[in-house]
Engineer: 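Just passing along the structure, written as structure tokens.
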Protein chains: 2
Amino acid sequence: MVDAQAGASGLDDLDLRLLAALVRSPGRSNKALADELGIAESTCAHRVRSLRSRGVVSGVQVVLDPASLGLPLQAVIRVRLGRHTREGVGRLFDAIVATPGVIEAFHVAGEDDFLVHVAVEDATALRDIVLQHITVHESVRTTETHLVFQRREGVGPLARVTAPSPTASGRR
Amino acid sequence: MVDAQAGASGLDDLDLRLLAALVRSPGRSNKALADELGIAESTCAHRVRSLRSRGVVSGVQVVLDPASLGLPLQAVIRVRLGRHTREGVGRLFDAIVATPGVIEAFHVAGEDDFLVHVAVEDATALRDIVLQHITVHESVRTTETHLVFQRREGVGPLARVTAPSPTASGRR
DNA sequence: GTTGAAAACAAGCACAC
DNA sequence: GTGTGCTTGTTTTCAAC
């Protein structure tokens, strides 16, 4: 085997185990992390800081429950544009993510141009978002609103890196 | 005015300001939070614990950068089903979120049944996900894969609760 | 790159208001 | 529901390996 480097990124085995532990339980103390990985606390702290500074860990996020906030309704709004100028698309994207209730938005290729995930209080609020924040933009041609029955987190990107091939094909 | 309660949820003004501060900078210490809000540390700690126990704050999440992990390609896969049995849908959902590279998945109403957000290393990996993890399920009729140019976070649910009416109705 | 130890810091708890 | 002081534990820093 070459060394402990993984893939194209400069992440060694310890980095990956650290990331896995971090993702699994973000609230843990540095001491607890270090103990689990069998390394010194200072080493653990250094690696975590390094991963943050390199941008591998983009950040930490507090997740709110929309329903508890009085926003029990979620939807994905598919937005299709007419004219596609670079500035128009950029300004629309800016306006979309600045709209209260918008959780995330994707600029995608294909039939649709944007997918917008929103949480709102009721159907009226949903209509108001579409009419007052989306279709008001002249570049928007059509929208389609899809109610979200359920949203679930996936195992995430890390699962592709840590366990890419269950079939042991020699070494990578 | 009635009191400091907001909307249908039992959240007062301090709770909302606390949540806003938490979301803005999740890494902050309790002391820093308390100082910003002008309250005692114990009060701040109590409120935060209460918000967590009530489920308003669902949790804390470590956000990884897929590109730094060697997964520069993101896509949204739209999945349409043929047969819609309750168990079939549930098992498919389980399988989808367990697929390495899947960041999140939505079960939606309408034309499509699932929207799956994935991060992968290249186009081949994307094809493999669709063929080996999605279309292998007999309930799946068709899929459409849409490349993600860019994903952006919205201002979030809290913005709908904290600043619903910009018109100053009395003092805050 | 890793470690252990000391100093600075923050969190949790019981209690008083 | 809010504030205070103490005790405990944790993060940080630094010299050294």
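Every chain is numbered from 1, with letters handed out A, B, ... down the list of sequences.
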Engineer: If you write DNA chain C from 5' to 3' in dot-bracket form, with Watson-Crick or G-U pairs under 3.5 Å, [ ] for crossing pairs and | for pairs with another strand, what do you get?
Structural biologist: ||||||.||||||||||

Engineer: What pairs of donor and acceptor atoms, side-chain ones from residues 40-47 of chain B against any protein atom, are under 3.5 angstrom apart with sequence neighbours left out?
Structural biologist:
unit_1, atom_1, unit_2, atom_2, d
B/His46, ND1, B/Ser42, O, 3.2
B/Arg47, NE, B/Asp15, OD1, 3.2
B/Arg47, NH2, B/Asp12, OD1, 2.5
B/Arg47, NH2, B/Asp12, OD2, 2.4

Engineer: Output yes when at least one side-chain N/O atom of B/Arg47 is less than 4.0 Å from OP1 or OP2 of D/dT2, else no.
Structural biologist: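 For D/dT2, OP1 or OP2 has a side-chain N or O of B/Arg47 closer than 4.0 Å.
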
Engineer: Please state how far atom CG in B/Asp13 lies from atom P in D/dT2, giving the value in whole angstrom units.
Structural biologist: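 B/Asp13 atom CG is separated from D/dT2 atom P by 12 Å.
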
Engineer: Using a cut-off of 6.0 Å, state whether more than 12 heavy atoms not belonging to A/Arg49 lie near its atom CZ.
Structural biologist: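 Open.
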
Engineer: Does A/Ser68 reach the main-chain N or O of A/Leu64 with its side chain, forming a donor-acceptor pair under 3.5 Å?
Structural biologist: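 Such a contact is absent between A/Ser68 side chain and A/Leu64 backbone.
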
Engineer: Can you list the other members of the hydrophobic cluster that holds A/Leu126, where links are side-chain heavy atoms under 4.5 angstrom apart?
Structural biologist: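 A/Leu126 clusters with A/Leu73, A/Ile77, A/Val79, A/Leu81, A/Val89, A/Leu92, A/Phe93, A/Ile96, A/Val97, A/Val102, A/Phe114, A/Val116, A/Val118, A/Val120, A/Ile129, A/Val130, A/Ile134, A/Val140, A/Leu147, A/Phe149.
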
Engineer: Strictly under 4.0 angstrom, non-hydrogen atoms only: write out the protein contact profile of nucleotides 7-17 of chain C, one letter per nucleotide from the 5' end, B, S or -.
Structural biologist: ---SS------

Engineer: In whole Å, I'd like the distance from the CG atom of A/Leu14 to the C1' atom of C/dT3.
Structural biologist: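 After rounding, the gap between these two atoms is 14 Å.
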
Engineer: Nearest whole Å is fine: how far is D/dG1 C1' from B/Asp15 CG?
Structural biologist: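 It works out to 12 Å between those atoms.
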
Engineer: Any salt bridge between A/Glu121 and B/Arg160, counting N to O under 4.0 Å?
Structural biologist: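 B/Arg160 and A/Glu121: salt-bridged.
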
Engineer: Take the protein atom CG of A/Leu11 and the nucleotide atom P of C/dG1, then report the distance between them rounded to whole Å.
Structural biologist: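 So the CG-P distance, A/Leu11 to C/dG1, works out to 12 Å.
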
Engineer: Please enumerate all residues that pass side chain to side chain donor-acceptor pair (under 3.5 Å) together with A/Ser50, with sequence neighbours excluded.
Structural biologist: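 A/Arg54.
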
Engineer: Which residues satisfy the salt bridge (Lys or Arg N to Asp or Glu O under 4.0 Å) test with A/Arg91, sequence neighbours excluded?
Structural biologist: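 If we apply the salt bridge (Lys or Arg N to Asp or Glu O under 4.0 Å) test to A/Arg91, skipping adjacent residues, there are no hits.
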
Engineer: Look only at the side chain of A/Ser25 and the backbone of A/Arg28, and say whether a donor-acceptor pair between them is shorter than 3.5 Å.
Structural biologist: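 Here the side-chain-to-backbone pair does not exist.
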
